[in-house]
Amino acid sequence: MIITLKPGTTEEGIKEVVKKIKKLGFTPHISKGKERTIIGVIGENAIRSRETFESMFIVESITPITKPYKLVSREFKKEKTIIKIKELKIGGEEVVVMAGPCAVENKEMLIKTAKKVKEAGAKVLRGGAFKPRTSPYSFQGLGEEGLRYLKEVSKITNLPVVTEAMDPRQVELVSRYADIIQIGARNMQNFDLLKEVGKINKPVLLKRGMASTIKEFLMSAEYILSSGNKKVILCERGIRTFEEETRFTLDLSAVSLIKNLTHLPIIVDPSHATGRRDLVISMSIAAIAAGSDGLIIEVHPNPQEALSDGFQSLALEEFSTLMQKLYPITQAVGRKV
Ligand code: PEP
Ligand code: MN
């Protein structure tokens, strides 16, 4: 539930409420506005303690949070969350495009790709160093060597970097190199991993599990926020359906719906969602029309030779074409790229 305190409530008054909340075994989340302070009381069945607070003189009103996810809900926070990485803002007016190879294969291909995607308008460099592959015999990524290349190329190009951590034991290492930590679709419900990234002070890109409902997706984000990290970017990357022509089915209705349900930014990954290079541009345009705050796109200097996901990776020139096609649609929806 949310407790709204009367305007002019003193620090002493706030402390008194916080003490009561803690005594009941719940966690207080304080948000001080210009006029009023509101305190979120988070915990299972917190609303049952409503009367304890209603009787307090300084309490103006009490509003239940009806959704099972609390901190991520629009009921808890009405204003959109904007995540800042240096000068970059994710969740603001600008549609942020992240691009790069599926996996970091070597330094040369990373530099080449990074320079080209930057020139075309990408604002974040992607690239996996730890790869969650379906087959144990497929390329598993370069590990820490890949992270080092990402950091080096980030310094050269001044592009922040997003890369995946697959295990709670990797979080500390990955966060030393990356600007945004990615949690992959297969790990969306790895709760220990979510709690671990919840303890760090770096943005997290949380990808939707391929067989997860919107509610489960938002509950996973709730794990990260409730562990202390409020900087979560959601990513719709396609779900499993009966359709076999595409790798997954891009759930664009989820994007529009999620924007109503949560204050967190959401981006779209049309590369993994479709698994097909020929659909990436049209689905990117559709994602922006649906309200996406950004895109994450796989790009490779030579997709035919890629060690992973070549069939869905755009060649460098194709990525420039994509960016050009994004300008009119971002303008049409009152945003910029
Ligand atoms: C990725 O973005 O590198 C990736 C593996 O995607 P997903 O977790 O969505 O399958
Ligand atoms: Mn990939």
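Counting convention: from 1, in listed order, for ligands and their atoms alike.
- Ligand 1 has a nitrogen or oxygen under 3.5 angstrom from a nitrogen or oxygen of R237.
- For atom 6 (O) of ligand 1, the closest heavy atom belonging to the protein is K207 NZ, 2.9 Å.
- The shortest N or O to N or O distance between A185 and ligand 1 is below 3.5 Å.
- Take a cut-off of 2.8 Å around the Mn ion (ligand 2): the protein N, O or S atoms inside it are C102 SG, H272 NE2, E298 OE2, D309 OD2.
- Rounded to the nearest 0.5 Å, atoms NE2 (H272) and CZ (F248) are 8.0 Å apart.
- The protein heavy atom nearest to atom 1 (C) of ligand 1 is Q182 NE2, 3.2 Å.
- Looking at R126 and E298, a side-chain N of the basic residue comes within less than 4.0 Å of a carboxylate O on the acidic one, giving a salt bridge.
- A donor-acceptor contact under 3.5 angstrom links the side chains of T66 and E75, judged on distance only.
- For the side chain to side chain donor-acceptor pair (under 3.5 Å) condition, the pairs that include at least one residue of residues 173-192, sequence neighbours left out, are E144-Y177, E172-R176, N187-N190.
- With respect to the salt-bridge test (charged N to carboxylate O, under 4.0 angstrom), the residues K116 and E317 qualify.
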### Task
Start with the C-alpha gap between V59 and E54, add the side-chain angles, then the distance that decides, and say whether side chain to side chain contact (heavy atoms under 4.5 Å, CB included) holds.
CA-CA 6 Å; V59 171; E54 247 165 4; 5.7 Å; no

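- D309 and Q312 share a donor-acceptor pair across their side chains, judged by distance under 3.5 Å alone.
- More than 12 heavy atoms of other residues, nucleotides or ligands sit less than 6.0 Å from atom NZ of K230.
- Remark: ligand 1 atoms within the under-4.0 Å shell around heavy atoms of K131 are 3 (O).
- The shortest N/O to N/O separation between D269 and ligand 1 does not fall below 3.5 Å.
- Proximity to G184 (heavy-atom distance under 4.0 Å) selects the following atoms of ligand 1: 8 (O).
- Nearest protein neighbour of atom 4 (C) of ligand 1, counting heavy atoms only, is H272 NE2, 3.5 Å.
- One finds no salt bridge joining K207 and E164 here, because no Lys/Arg side-chain nitrogen approaches an Asp/Glu carboxylate oxygen to under 4.0 Å.
- Contacts with ligand 1 closer than 4.0 Å are made by side-chain heavy atoms of R126 only, the backbone lying farther away.
- Taken to the nearest 0.5 Å, the CD1 atom of I183 stands 4.0 Å off from the CG atom of L193.
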